[in-house]
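To keep things clear, I will list the structure first and then write my remarks on it.
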Amino acid sequence: MIRIGVFVCWCGSNIAGTVDVGKVAEESAKMPGVVHVEQNKYTCSDPGQDSIRKAIKEHRLDRVVVAACSPRMHEMTFRKCAASAGLNQYLVEMANIREHCSWVHSDMSVATPKAVDIVRRAVAKVKRSVPLFPSTIPVEKRALVIGGGIAGIQAALDIAEAGYEVTIVEREPTIGGRMAQLDKTFPTLDCSSCILTPKMVDAASHPGIRILTCSEVEDISGYVGNFQVRLRKRARSIDEARCTACGICISKCPTSRDSEFNMGLGTRKAIYMPFPQAVPNKPTIDREICRHFTEGKCGICQKVCPSGAVDFSQEDQVLNEKFGAVVAATGATQFSVEAYGEYGYGRYPDVITGLELERLISSTGPTDGKIRRPSDGRIPRTVVFIKCVGSRDENKGYPYCSKACCMYTAKHAILLKEKIPGASAYVFYMDVRAGGKDYEEFYQRSQEIGTRYVRGRVSRIYPLDGKLIVQGEDTLLGQRVEVEADLVVLAAAMVPQIDAPEMARKLGISYNQYGFFSEAHPKLRPVETNTAGVFLAGTCQGPKDIPETVAQASAAAVKVISLFAKSELTTNPNVASVDESLCSGCLWCMNVCPYKAIEEKIITERAGKETVTRSVASVNTGLCQGCGACTVACRDGAMNLLGFTNEQILAEVEALCL
Amino acid sequence: MSLDWQPKIVGFTCNWCSYAGADLAGTSRMSYPASVRIIRVPCSGRINPVFVIRAFQRGADGVLVAGCHPGDCHYSTGNMYARRRFQVARRFMEYLGMDPARLEIHWISASEGQKFQEVIRNMTDRIRAMGPNRKMREIL
Amino acid sequence: MCLLKILKTKGKRRMNYLNLSRHEGEWLPFAQAVEAEGGKKVLSCYQCGKCSAGCPVSFAMEEQPHQVIRMVQLGLSDRALNSPTIWRCAGCFTCTTRCPRGVDIAGVMSALRVIALARNVRTSRRAQAFHKVFLSLIKRYGRINEFELVVRYKLASMNLFQDLDLGLRMFMQGKLKPPRGIAGVRQLRSLFRHEKGGKRSGLRLLPGLQLTRHREGV
Amino acid sequence: MGYAYYPGCSLHGTAKEYDMSSRACLDFLGIEYRELPDWSCCGASSAHSVDHTLAVSLPARNLILAEQMNLPLMTPCTACYSRLRGAHHALRSDPGLARKVLTALGSEYKGRYEPLSILDVLYQYGPEAVGEKVTKKLKELKVACYYGCLLLRPPEYADFDDPENPGKMERLVETTGARAVDWPHRTECCGASLSLSDTKLVVSLATFIVDMAARHGAECIVTACPMCQANLDMRQRGRTKLPVYYVTELLGLAFGLEPKRLGLTTHMVNAMGLLRAKQLA
């Protein structure tokens, strides 16, 4: 027996001024299932709530409709009120006769019947409501940070400072990321490694942080609070515990290749540390080129190692671990500027990228900090910088603005003048985007020291008599211009890691058309993703500079910390639910689910005398966010959304169309 | 058709954008015809075309489906599914002998109270010009 | 220089500002007309100047290619159609190939030429004369006879003595032969006829094309 | 199998050497071809400046003729190549325009074969295979391969090679034993389409290109475009004059064919002098 109580609110004159509340109450009393109707001046006030509690008890109400304001305003209030009277809170429904009725109409003869309809809808729905119970899930208070660049380091430090365990997974042999390759940073020109290396050391020495280098995430399953992660730690061929980082092995190694850290401008050995301040400060053997592995000979490093740390037999380790939250800080990479045939990168050695120039400027770089052009080692007198190479170009690259290039080019121009007094710098630009604290001033400084900014894109570059002829347009003059340059620096765009989509699939998060990970909301949820418990930090989400990356990393850390601050998570009970008896196992629902919350489940059941096994859809209530897309995709009508069931909505439709 | 006749429009709105947009129209006291009755669903992707067809069967003169703007869906892709589904649903309505023009789909964000008002006003005018949904009641 | 020109030709302009409001109604229809004739994505241009920078002939242009694109974007149809730049374009497509926004600049130039011819804008008499003679020959023989093309063009453009020596040498080498028609010339003519009824068509210029008329017209 | 051969108007006139040498090379290599019967002008270089539809319908007639022969259409002329490919592309990607054009021509077009350049055909034959047929090595001949515009741009439909850094012509030419010099201006426009209407301008472009080739050590220029050949040949005014050959002329020479049969005797800038000096002809 259903016993519904309807509480019609006057909201002072807000409702009662336009809606004949008495009439609504009168009509409500006639609706099927309604056993009690009451009017209140202000239902949300303490006396109003008391009267609901009293009525629930006195009239043994098992459903409640509050005809008042928007559920977005007071649904929680009345649910709590009902719960305090012992009623399941999901048996309360609101009829919005204020925002959707009294406030938008002025004629009582129109507003009153509409209000009655609205109440009838709510009554029809609540009649089919069932008690729902939120479940709780425990939270594993360990965070996984994928990527050991400045974003990952910052996020890990912040989380660890709050007292939670963090694991950083980095695929390179050291943490530090792109920032470690930079010489100085804008707009303050402080030395990149001077501010980064202390943080790297902090992370390495923090008792709450574990750093896994040469490691990658292979698989992630589970859901917020309970991620199962499979990690692979590639063999370093060095016993890290024994190694003292004396470096003798490196000096004796006979094999070398282009150094990735120096952007191919210098070489490194087969046993190597990417740079002297690497963390962990242990060498790694590159098995692709090491003669012991390629030819079965050599083994010099093992012979010379005083502490016996070289271990050729080391094998990859696979770790299965549980984490409560994941921070993706996988970073970005540099656009392959070879796409610009007209600039001749790759054919003309003195056409280089911004990151390569960083290595040429850096005192730890292949030229010990002297800017020398790659072709003949001469000091360049005239350097041309070309902006937007690969960015703002949908023809050869990407349409987006890469954001950091304007500033790093201004920095390069300033550093060039510092390193080579009297050198001239030309910057071909289209717009200078210097929106940041002290950025415009920094750009102006680069102009004031004599950098010539030319507004226009360069059309082509060709070599002639030891110079590079750079042909562009000064669109402000409306004239073609030509510069005879010694060195050309292309401001290559920041682009997503090549394997970003693969990582996104592992994480169950979405990514945009370029491969940058998508945040849950571009304005209001910038570090969250569609998958609860997975957060974003740094350039994996889009191009950004160091200050922004660090800010975002700290923001992601806060999100992790606030998740860990609760001992368990309460889930929203308005989730999808499968009627296994109807489900045909077509799993169309899996395709539309944005949260990967639907899995295939094999069930065994008896059909007559036989036992049959078949597959059905199964909802992971930890992942389901209750959007209901699956219910429409389900052709069997087996999928339903608790709190918004098909039966409830159809009843609402019929109640309104009477 | 008399001008007093008030068509009956069933509006399905997603909880996050369009329902909030309707709320905003209310709090800003933007008046519009009393033709629309709203059913709140979590996402436009939850709206089964069956609900719409049932509304017409039961005599609704118009049906409004409203969700977040494409790209702004709270559940990331729900409104995309809605958009595709209702393109197909329109064809199906034609097949059933229903007038697909009585079904309108609009993207109304939580900040677009004014747009909600305009949508209801214009839609009411259009439905009014079409007259009551007698045919469907007769057919089904 | 440009501003002065505007001042002189359009006295009614207030001060020396180009009044953009007067062109408000024009920019979209004009841009659409240009796109319809093959000038793809003209509104996408963000004026980086890469087209002008790489253009092999922009040094001989008073108005650079990107400036002509700008005129189209602002709806300055008169200026765009009268710009000698559109006739200077050699159609090498370097600009189109390199444009970061996918604008078919060479296509825009060619679209502007089509519109200029259709609207009878007479900026580049030589180029117009050349195209007229060229198409009239296709219409007559089905193929181009370079000898007749050159002779007729020289007559039309009244530039008879240029390249005379070259022409004579070629004639001697048997490279310039008298014309001969093909069998399918009727079908070809129908292609031109097909266009005749249409409103915009440079080909309306073609029927009845005679050398004498040409000379008067040009 | 084989190809429908479309010479185009220039090859029957100012560029007759190209026609002669193309046929000679094809014959020598045993590549089958038949001249497209009753072919008509493709409209280059006027139709696309006058009428967008005509620019498609003129080449379309020839595409249809070739399709009726069930052969891929091949042309040595790059202007024809560009117009034919442009029309082929438009007919396949713009249904509205295609309907208009095909109704006017009273025919249909499936577009099974893409129109090809003679360089495509030689490339399909294979540079190695071409090299095997070389009987007279053009040793010590330093050649600047010049692509010009129409083989490479717009890359949307004229995609013989990389538009900024091509190399296919070099590979073909080097099979003859000649050395292709590396020079940056092989895709620069020579302004041929303005040759008649803006001669002064064109002289400066042609002279610059020839000068750049000479500065990079080239003794001659080789091209596959009759407009470029005529233009560079006629309009160069530099100190050093370089002969401008067609690819097929050099290949023919390397195959041991008679210079006269290849048309080498009818160039503006003496084409035989260099060859004689190098004892190649």
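Numbered from 1 within each chain, the chains take letters A, B, ... in sequence-line order.
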Quiz item: Is there a side-chain contact (heavy atoms from CB on, under 4.5 Å) between Leu188(C) and Arg61(D) once you walk through the steps?
Solution: CA-CA 8 Å; Leu188(C) 268 181; Arg61(D) 180 178 177 272; 4.0 Å; yes
Is [X] in contact with chain D via its backbone, its side chain, both, or neither, using a 4.5 Å heavy-atom distance?
X: Cys89(C); answer: backbone
X: Ala106(C); answer: neither
X: Arg88(C); answer: both
X: Ile138(C); answer: side chain

For the student: nearest non-hydrogen atoms of [X] and [Y], plus distance:
X: Trp87(C); Y: Leu194(D); answer: O-CD2, 3.7 Å
X: Ser10(D); Y: Glu146(C); answer: OG-OE2, 3.2 Å
X: Leu205(D); Y: Pro56(C); answer: CD2-O, 3.3 Å
X: Gly184(C); Y: Asp38(D); answer: N-OD2, 2.6 Å

Using non-hydrogen atoms only, which part of [X] is less than 4.5 Å away from chain C: side chain, backbone, both, or neither?
X: Leu65(D); answer: neither
X: His185(D); answer: neither
X: Ser82(D); answer: neither
X: Pro163(D); answer: side chain
X: Ala44(D); answer: backbone

Rounded to the nearest 0.5 Å, what's the gap from [atom1] on [X] to [atom2] on [Y]? Could you check?
X: Ile144(C); Y: His12(D); atom1: CD1; atom2: NE2; result: 14.0 Å
X: Lys139(C); Y: Leu58(D); atom1: NZ; atom2: CG; result: 12.0 Å
X: Glu37(C); Y: His48(D); atom1: CD; atom2: NE2; result: 13.0 Å
X: Leu105(D); Y: Leu191(C); atom1: CG; atom2: CG; result: 4.5 Å

Quiz item: Considering residues, nucleotides and ligands other than Glu108(D), do more than 12 of their heavy atoms fall under 6.0 Å from its CD?
Solution: no
Quiz prompt | More than 12 heavy atoms of other groups within 6.0 Å of Arg237(D) CZ | solution =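 Enclosed: over 12 neighbouring heavy atoms sit under 6.0 Å from CZ of Arg237(D).
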Self-check item: Between Gly148(D), Cys189(D), Cys149(D), Pro154(D), the one whose heavy-atom pairs under 4.5 Å with chain C are most numerous
Solution: Pro154(D)
Exercise. Flag the one option from Gly43(D), Ala158(D), Ala55(D), Ala90(D) with the top tally of heavy-atom pairs under 4.5 Å to chain C.
Key: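 Sorted descending by pairs with chain C, the first entry is Gly43(D).
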Quiz item: Does the side chain of Tyr141(C) come within less than 4.5 Å of Cys41(D)'s, by heavy atoms?
Solution: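 Side-chain contact under 4.5 Å: no.
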Quiz item: With a 4.5 Å limit on heavy-atom distance, are the side chains of Phe93(C) and Leu152(D) in contact?
Solution: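 No, their side chains stay 4.5 Å or more apart.
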Any donor-acceptor N/O pair, [X] side chain to [Y] backbone, under 3.5 Å:
X: Ser46(D); Y: Leu135(C); result: no
X: Ser193(D); Y: Ala90(C); result: yes
X: Arg153(D); Y: Cys92(C); result: yes
X: Arg143(C); Y: Trp39(D); result: yes

Quiz prompt | Leading residue by heavy atom contact count with chain D [cutoff under 4.5 Å; candidates Thr96(C), Val57(C), Asp104(C)] | solution =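 Highest number of heavy-atom pairs under 4.5 Å: Val57(C).
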